[in-house]
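Each remark here refers to the structure printed beneath this line.
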Amino acid sequence: MTVDHDTEILAGFRSGDANFKLTLWDPRANGVRYLKALLYRVSGRLSPLDRERLRRTRNRDVGNPITVRHEGDEIDMDYLRAVQEVGFLADRVRLDGARIVEIGAGYGRTCHALIANHDVAEYHIVEQEGSLRLARAYLRAVLEPAQFAKVSFHAAADAVHAFPADVDLAINIDSFACMEPEVVRGYLKLIDERSHAFYVNGPVGKYLDKALDDHSQGAEQVATALRSGLLTEVIDIFDSEAVHKQSRRFVSVYTPGDRWECAAEASTPVWSHYWQALYRSSSARQAA
């Protein structure tokens with residue numbers, strides 16, 4: 001209980017300037033500090049195999065990423081996530097000799113990590129034109145010439161013709177949540193028709209808490225984000241029960257077709273509202 005004259009001073013003080021001087025660094029001005037703190041702690045949870053994968057993935061300093069140094073390794077968030085994703089796949093899919101298609105590869109960190117750790121036969125990237133230029137430049141810089149020769153780059157506008165037949169593994173990380181729903185369904189149809197396995201990793205839903213990002217890109221961008229993808233439900237992304245409940249929708253909506261089943265699924269190690277799932281078709285070849 002508090003007396004009336006204490007009420008005003010107590011209102012909201014633990015998430016405001018008063019407490020930022022006492023026990024917390026102001027998150028509005030210390031974003032990089034908090035990112036590095038998170039990255040440092042999660043780096044400590046890397047398995048020995050993930051450490052080996054990280055060390056085999058050379059030239060990670062290209063582009064000047066934000067890093068921490070942990071047990072002698074310079075680690076950034078992108079490649080920490082990448083080696084954990086490769087580990088999830090390596091336990092369940094034969095990657096050596098595989099033909100892989102990645103939809104929405106960004107600048108190519110997943111491709112880099114996979115090729116650095118496995119002798120894949122082919123790696124096809126399907127991306128928007130602007131990102132393709134970046135991915136091509138980045139992967140040429142970080143991969144050995146023989147590795148880079150395995151990578152093919154395809155414009156998203158030509159996906160129907162560029163998506164190879166008889167693919168061992170299709171991958172999407174993050175970007176399905178940013179696409180128009182009919183575009184996502186089109187890719188899932190291609191995966192159903194042309195791939196034996198599918199790995200997806202991304203958010204289980206949307207958030208609308210302005211305190212998280214101050215809606216810094218504007219109301220129009222927020223509205224676009226809320227209607228993009230197949231999972232448009234707004235949830236509290238820091239409520240473990242809400243995230244797990246919505247993960248059931250995630251596993252369901254990304255099933256490419258009737259002949260597919262989810263072979264493995266799990267939360268991701270870093271972001272609270274991200275999930276990952278691996279699907280296999282009934283015609284899939286035996287995985288190692």
Query raised in the report: With a 4.5 Å heavy-atom cut-off, do Glu85 and Leu89 have their side chains touching?
Result: no
Requested in this report: Give the minimum heavy-atom separation between Arg280 and Ala263, together with the two atoms involved.
Outcome: NH1-CB, 3.2 Å
Query - Side-chain heavy-atom pair Leu38, Met77 within 4.5 angstrom cut-off - result: yes
Requested in this report: May I ask you to check whether Tyr199 and Asn172 show a side-chain donor-acceptor distance below 3.5 Å?
Outcome: no
Report task. Would you sort out whether Tyr34 and Leu39 count as a side-chain contact (heavy atoms from CB on, under 4.5 Å), showing the intermediate values? Result -> CA-CA 8 Å; Tyr34 279 113; Leu39 179 55; over 6 Å; no
Query - Pairing of Arg99 and Glu122 as salt bridge, 4.0 angstrom limit - result: yes
Query - Audit row: Val120, Asp96, side-chain contact (heavy atoms from CB on, under 4.5 Å) steps and yes/no - result: CA-CA 5 Å; Val120 305; Asp96 292 321; over 6 Å; no
Query raised in the report: Out of curiosity, Gln276 CD to Asn201 CG, how far, rounded to the nearest 0.5 Å?
Result: 5.5 Å
Query raised in the report: Under a 4.0 Å N-O cut-off, is there an ion pair linking Asp192 with Arg259?
Result: yes
Query - Rounded distance [0.5 Å steps], OG in Ser47 versus CZ in Arg53 - result: 6.0 Å
Query raised in the report: Does Lys245 pair with Glu241 as a salt bridge, N-O distance under 4.0 Å?
Result: no
Requested in this report: Give me the ring orientation class for Phe176 and Tyr187: parallel if the planes are under 30° apart, tilted from 30 to 60°, perpendicular past 60°.
Outcome: parallel
Report task. Keeping the roles fixed (side chain from Ser195, backbone from Ala197), state whether a donor-acceptor pair exists under 3.5 Å. Result -> yes
Query raised in the report: Quick one: are the ring centres of Trp260 and His196 less than 6.0 Å apart?
Result: no
**Report entry** Charged N-O contact under 4.0 Å between Asp166 and Arg194
**Finding:** no
Report summary line: For Pro65 and Asp76, the nearest pair of non-hydrogen atoms, with its separation, is CB-CB, 3.8 Å
Report summary line: Residues passing the side-chain hydrogen bond (donor to acceptor under 3.5 Å, both in side chains) test with Tyr279, sequence neighbours excluded, are none
Query raised in the report: Does the side chain of Arg81 reach to within under 4.5 Å of the side chain of Thr268, using non-hydrogen atoms?
Result: no
Report task. Give a yes or no on whether Leu226 atom CG has more than 12 heavy-atom contacts from other residues, nucleotides or ligands under 6.0 Å away. Result -> yes
Query raised in the report: Are any of the side-chain heavy atoms of Arg185 and Leu230 separated by less than 4.5 Å?
Result: yes
Report task. Using modelled atom types only, decide if a donor and an acceptor are shared between the side chain of Asp236 and the backbone of Phe238 within a distance under 3.5 Å. Result -> yes
Query raised in the report: Which value, rounded to the nearest 0.5 Å, describes the distance between Lys189 atom NZ and Phe163 atom CZ?
Result: 12.0 Å
Requested in this report: State, yes or no, whether a side-chain contact exists between Asn30 and Val32 at a heavy-atom distance under 4.5 Å.
Outcome: no
Query raised in the report: What is the distance from atom CG of Leu49 to atom CG of Leu54, rounded to the nearest 0.5 Å?
Result: 12.5 Å
Report task. Kindly check if the number of other-residue, nucleotide or ligand heavy atoms within 6.0 Å of CZ (Arg248) is above 12? Result -> yes
Report summary line: Phe153 and Arg136 have their tightest heavy-atom pair at CB-NH2, 3.4 Å
Report summary line: In this structure, CG of Leu278 is separated from SG of Cys262 (nearest 0.5 Å) by 7.0 Å
Query raised in the report: Atom CG of Leu132 and atom CD1 of Ile125: how far apart are they, to the nearest 0.5 Å?
Result: 7.5 Å
Report task. Assess whether atom CD of Gln217 is packed by more than 12 heavy atoms of other residues, nucleotides or ligands within 6.0 Å. Result -> no
Report summary line: Correct closest heavy-atom pair for Val126 and Ala159 would be CG1-CB, 4.1 Å
Query raised in the report: Within a reach of under 6.0 Å around CG of Asp158, are more than 12 heavy atoms found that belong to other residues, nucleotides or ligands?
Result: yes
Requested in this report: Before accepting this row, confirm whether a basic side-chain N of the pair Lys150/Asp119 lies closer than 4.0 Å to the acidic partner's carboxylate O.
Outcome: yes
Query - Flag for Gln246-Glu233: side-chain donor and acceptor within less than 3.5 Å - result: yes
Query raised in the report: Would Lys206 and Ile235 satisfy side-chain contact (heavy atoms from CB on, under 4.5 Å), going step by step from the backbone distance to the final call?
Result: CA-CA 6 Å; Lys206 308 293 186 180; Ile235 64 168; over 6 Å; no
Query raised in the report: Mind checking whether Lys36 and Ile66 have side chains closer than 4.5 Å, heavy atoms only?
Result: yes
Query - Set of residues satisfying side-chain hydrogen bond (donor to acceptor under 3.5 Å, both in side chains) with respect to Arg56, sequence neighbours excluded - result: Asn117
Requested in this report: Count the heavy atoms belonging to other residues, nucleotides or ligands that lie under 6.0 Å from CD of Glu144, then report whether that count exceeds 12.
Outcome: no
Report task. Side-chain contact test, heavy atoms from C-beta onward, threshold under 4.5 Å: evaluate it for Leu143 versus Ile115 and give yes or no. Result -> yes
Query raised in the report: Where do Ser43 and Arg51 come nearest, in terms of heavy atoms and distance?
Result: O-NH2, 3.1 Å
Query raised in the report: Should Glu127 and Arg133 count as an ion pair when the cut-off is N to O under 4.0 Å?
Result: no
Query raised in the report: Where do Phe88 and Ala264 come nearest, in terms of heavy atoms and distance?
Result: CZ-CB, 3.9 Å
Query raised in the report: Any chance the side chains of His112 and Tyr107 put a donor and an acceptor closer than 3.5 Å?
Result: no
Query raised in the report: Does some side-chain heavy atom of Pro164 sit less than 4.5 Å from a side-chain heavy atom of His124?
Result: yes
Query raised in the report: Should the heavy atoms of other residues, nucleotides or ligands under 6.0 Å from CD of Glu52 be counted, would the total exceed 12?
Result: yes
**Report entry** Residue pair Thr67, Ile75: steps toward the side-chain contact (heavy atoms from CB on, under 4.5 Å) verdict
**Finding:** CA-CA 5 Å; Thr67 66; Ile75 304 176; 5.9 Å; no
Query - Set of ring pair (Phe, Tyr, Trp, His ring centres under 6.0 Å) partners for Tyr207, sequence neighbours left out - result: none
Query raised in the report: Between Tyr138 and Arg140, is there a cation-pi geometry (under 6.0 Å to ring centre, at most 45° from the normal)?
Result: no
Query raised in the report: Is the ring centre of Tyr254 less than 6.0 Å from the ring centre of Phe198?
Result: no
Query raised in the report: Checking Ser252 side chain against Arg249 main chain: does a donor-acceptor pair fall under 3.5 Å?
Result: no
